[in-house]
Structure formats: C-alpha cells, structure tokens
2 protein chains.
Amino acid sequence: MKKIAKLVRHHPARTSGHQRQASLISAAASLFATNGFRGTTTKQIALAAGVSEALLFKHFPTKHALYTALLSEKADYSGLQEAVEEAAAKREDKRLFMLLANYRIRKGADPILFRLLLFSALEGHEMSDMFFRQQYRVFHDLLAGYIRQRIDEGAYRPLDPLLAARAFFGVIVHHRLLHDILGFPMHLTHEATVEEYVSLFMNGLIRQ
Amino acid sequence: MKKIAKLVRHHPARTSGHQRQASLISAAASLFATNGFRGTTTKQIALAAGVSEALLFKHFPTKHALYTALLSEKADYSGLQEAVEEAAAKREDKRLFMLLANYRIRKGADPILFRLLLFSALEGHEMSDMFFRQQYRVFHDLLAGYIRQRIDEGAYRPLDPLLAARAFFGVIVHHRLLHDILGFPMHLTHEATVEEYVSLFMNGLIRQ
DNA sequence: TACTTTGGTGAGTGCTTGCTCACCATCCAT
DNA sequence: ATGGATGGTGAGCAAGCACTCACCAAAGTA
C-alpha cells in the first residue's frame, strides 16, 4: 500500500539536465520576447516550463545568466551566409537581394527572435552588442562590400555602399517592425512584398 | 529673527501645479526612454524631478497615467505636415522626400521620442497603438497617396504605393535604430546621409 | 543492499515596488 | 486675522521580486 502510494504520487519520470535546460530556455524565450527581460519573472518562466522556481536556479545561477544563455543560443545565421556569398560570386544581383529579404520576411520567420533582439537592444543588455556587431553586422558588411564591388565594376551608380546596404536592411527591418511588433496586416503576399521591395531598391522610384 | 529663520529654512518658493506636472513629465520622459516603463521606478522619477514620491501620486493617480500623459504630450508633428503637403501640391518630389527624411535624421531630432515609441510598442502599451495609428500613419498614408498620384501621372514606375512608402520610412527608421538605439556612429554628415538615402530611393541602385 | 549523484520542491529571505495616509506649510480671498 | 485651498513630505503597507536552503526522491553504481 505504502509503496504504491509512493510510486503513484509524484511520478513524471525525471527529465535529464539538458532537456530541462532546453525547455527552460524555450519557455524563457517566448516570455522574454513578449514581455522583455524586466517584464518577465522567474516564477512565470518556471511555471511555463512546468517546474519549480528553485529548479530554474539550479540550472542558471541568475535570471541574467538564463537570458544570456538564451540569446547566445538563438544566434544562428549559418546557411544563409553561404547562399549569399555564392550569389555574390556569381554576380546574381537580384537573387542576392531576394535571399536577404526573403530570409527575414518569409512566412516562417521567427518573430520571437526579432522581438528579443529589439528588447535586448532597448534594455541595453550586454549581449545585444555582441548580437548586432557579430551576427547582424556580418551581413551589413557583406552587402556593403558587394555593393562597393559592383560600383567599381560600373554596374551600380556611385552611391555610398554602407548607406545603400543600411537602406536595404532598413526596408526589411521596418517591414518586420510593422508586421511583427505593431501588428500591421500584410497587404500583399510575402513573395510579392519581397519582389516589390527588391525591385524598388534596385531600380528606384522614378520612371527612367 | 523668528520670521527670518522661517523664511530661510524651506524656501524653494512653491511651484505651481502645472509647472510641477511638466517637470515630472520631462523627468519621466528621459527615464522611460532609457529604461522603459517597467525599468523605471516612481521613486527615480520623483528624485529626478526633485520632489517626493508622494507628490508624484498627487499629480498622477498611477504610474501608468503618468506614462499615458507623457506619450500623448509628446505626439506633435504639426508644421511638418503642412510643409509636406505644400511640396506635394507643387510636385517637388525631391523636396518632399528630403523634408520627411530630414525631419527624423536632422541633428536635433529627439532620440527620446524614438526610444519611447519603440518601448511602448514592444511593451504593448495601449497608447502605442494610438501613437502609431494616428501620428505615424498620417505620413504613411500621406506619402502613399502622393506616390499613387505620381504613378497615375506617369512620373513614377508602377510600384505598390503603400510598400514604396513603407520602404522609404523603413530606411529612415532603420537609420535611427542603428544610430540612436544601437549607438552606431554616423559615417557621413546628416545632410549627406539624407541626400544619399533620397537619391537611392528615387533613382535606385542600378546604373541606368 | 547501501551509497553517491542528480532531479526536484515548499517554504521561506530580504529587498524593492507602486501606492497611501496623516500631516505640515504656504498662498490667497475674505 | 482666519480659513480653505493648494503645494509638499516621511513613514509605512501589502504585494511582488530574485534568489536560497533544507530537504526529499529517483536513478546509477559498488
């Protein structure tokens, strides 16, 4: 009798340390993304992950450490970089821009990451700098470099390459800002939107 | 003797209600802008305004009410709208774009407002919607309407007007994001930057 | 079987938060 | 002068916060 009661009572079959850590991080991700670092309590995270608050602190010494772990895990742009570099090598201008734009605007693009990034930038988390300077700026410099090259080759007008690259990312980032953060509805399909942005960037507004 | 002592002791000459309210709002503005709503305490605000916390709550029933008062006071785009409409009526395309871009990028542009807006958008404050839908969207629709008109007149290529307007604002907003929030240095002067962005937007990247 | 390690918790701790309340001080009108 | 309105405060409250601690339970291991 005693034994059975014992077995039945708490019996969710202990989870491994790594799994727990992962589930805590994923629970934290969506909470931090929606409410920010300061707007999220460790109690909420523990609850969302289905464990006690005490266990959270067994895995991460502080709330801050959990946040840092989360941010460094989320940063992953591999795959895109190679595709972009290939398109650049082949001078496939339009494909290059489409790749970059599509990566962020495409249907499955993770709005959580975008919100996390913005929050961390605004709240001034130290990981934010790392995030932007390492990951984001890779594409920044990559694109600026490519534009510079194409200007030298005479294919593009002699604009400032860095500003041109920033302008392009601006269009994309702003789109996500309106769509993911402010909740503006899409008014064309994802594909058509990307196409339109790229066309505008490459050819300008004025009828030539 | 007695009289003098009385006069000298607490003597900062009582401030009027309106002045106090204004100084509280201005103190709150910079604190909310740097730390967000949740990251700012009423104690900090009171301290920055040089009064007791209790007085703050005499002027604003809740922290939230102060935030709302602040946001609705900060929203003021008058002046620009008329100038833009005038340029539009005269079909001074470049001047119109320069006006819009300059308004946000110019040297004195208030970074506090931009941060406040972003924070309120991320934190999901109800004023945020009002802010964006009323103020921000005015220019959105204004510009989109103008672009549509110019397309009809055959001056612009037949692009989607709304997306084109968004793209333009995207460039500007992104510039401020990099500069005001992430702390990226300006690499050209304000004037040259604006000029470059407008030129890119109007003429495109590709040498025609 | 016994023992160490690891997963897991309830019940706190001290501190900070938004907010209140009783009270004082100064102005202005009568 | 005097009384009501208005500007202003110190002390404190209940709730919530990040974080801790003593302790239990289930595995692996000898």
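The analysis underlying the following values was restricted to heavy atoms, covering all of them including side chains, and did not include hydrogens, waters or symmetry mates. Numbers restart at 1 for each chain; the letters A, B, ... are given by sequence-line order, proteins then strands.
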Provide, to the nearest angstrom, the distance between the [atom1] atom belonging to [X] and the [atom2] atom belonging to [N].
X: B/Leu47; N: C/dG18; atom1: CG; atom2: P; result: 14 Å
X: B/Gln44; N: C/dT17; atom1: CD; atom2: P; result: 7 Å
X: A/Arg20; N: C/dT9; atom1: CZ; atom2: C1'; result: 12 Å
X: B/Leu56; N: C/dT17; atom1: CG; atom2: P; result: 14 Å
X: A/Leu55; N: D/dA26; atom1: CG; atom2: C1'; result: 14 Å
X: A/Ile45; N: D/dA18; atom1: CD1; atom2: P; result: 8 Å
X: A/Gln21; N: C/dT6; atom1: CD; atom2: P; result: 14 Å
X: A/Lys58; N: C/dG10; atom1: NZ; atom2: C1'; result: 12 Å

Does a side-chain N or O from A/Thr42 land closer than 4.0 Å to OP1 or OP2 of D/dA18, or not?
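Yes, A/Thr42 has a side-chain N/O under 4.0 Å of OP1/OP2 on D/dA18.
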Side-chain donor-acceptor pair present, A/Tyr67, A/His125, cut-off under 3.5 Å:
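Their side chains do not contain a donor-acceptor pair, so the 3.5 Å distance test is not met.
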Side chain of [X] (C-beta onward), nearest among [options]:
X: A/Arg14; options: D/dC19, D/dC17, C/dG8; answer: C/dG8
X: B/Glu53; options: D/dC19, D/dT9, C/dC19; answer: C/dC19
X: B/Lys63; options: D/dC17, D/dT9, C/dG18; answer: C/dG18
X: B/Ala54; options: C/dG18, D/dA18, C/dT20; answer: C/dT20
X: A/Ser52; options: D/dA18, C/dT17, C/dT9; answer: C/dT9

Apply salt bridge (Lys or Arg N to Asp or Glu O under 4.0 Å) to residues A/Glu53 and A/Lys63 and explain how you reach the verdict.
CA-CA 11 Å; A/Glu53 218 180 332; A/Lys63 184 187 173 188; over 6 Å; no
Could you check whether A/Phe168 and A/Phe97 have their ring centres less than 6.0 Å apart?
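Centroid distance A/Phe97-A/Phe168: below 6.0 Å, so yes.
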Beyond-backbone contact of B/Tyr197 with B/Met98, side-chain heavy atoms, under 4.5 angstrom:
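Of all side-chain heavy-atom pairs linking B/Met98 with B/Tyr197, none is under 4.5 Å.
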Going by heavy atoms in the side chains, are B/Pro161 and B/Gln149 under 4.5 Å from each other?
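The answer is no; the side chains never approach within 4.5 Å.
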Which residue, A/Thr41 or A/Pro61, contacts DNA chain D at a nucleotide closer to its 5' end, judged by nearest heavy atom?
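Comparing both residues, the 5'-ward one is A/Thr41.
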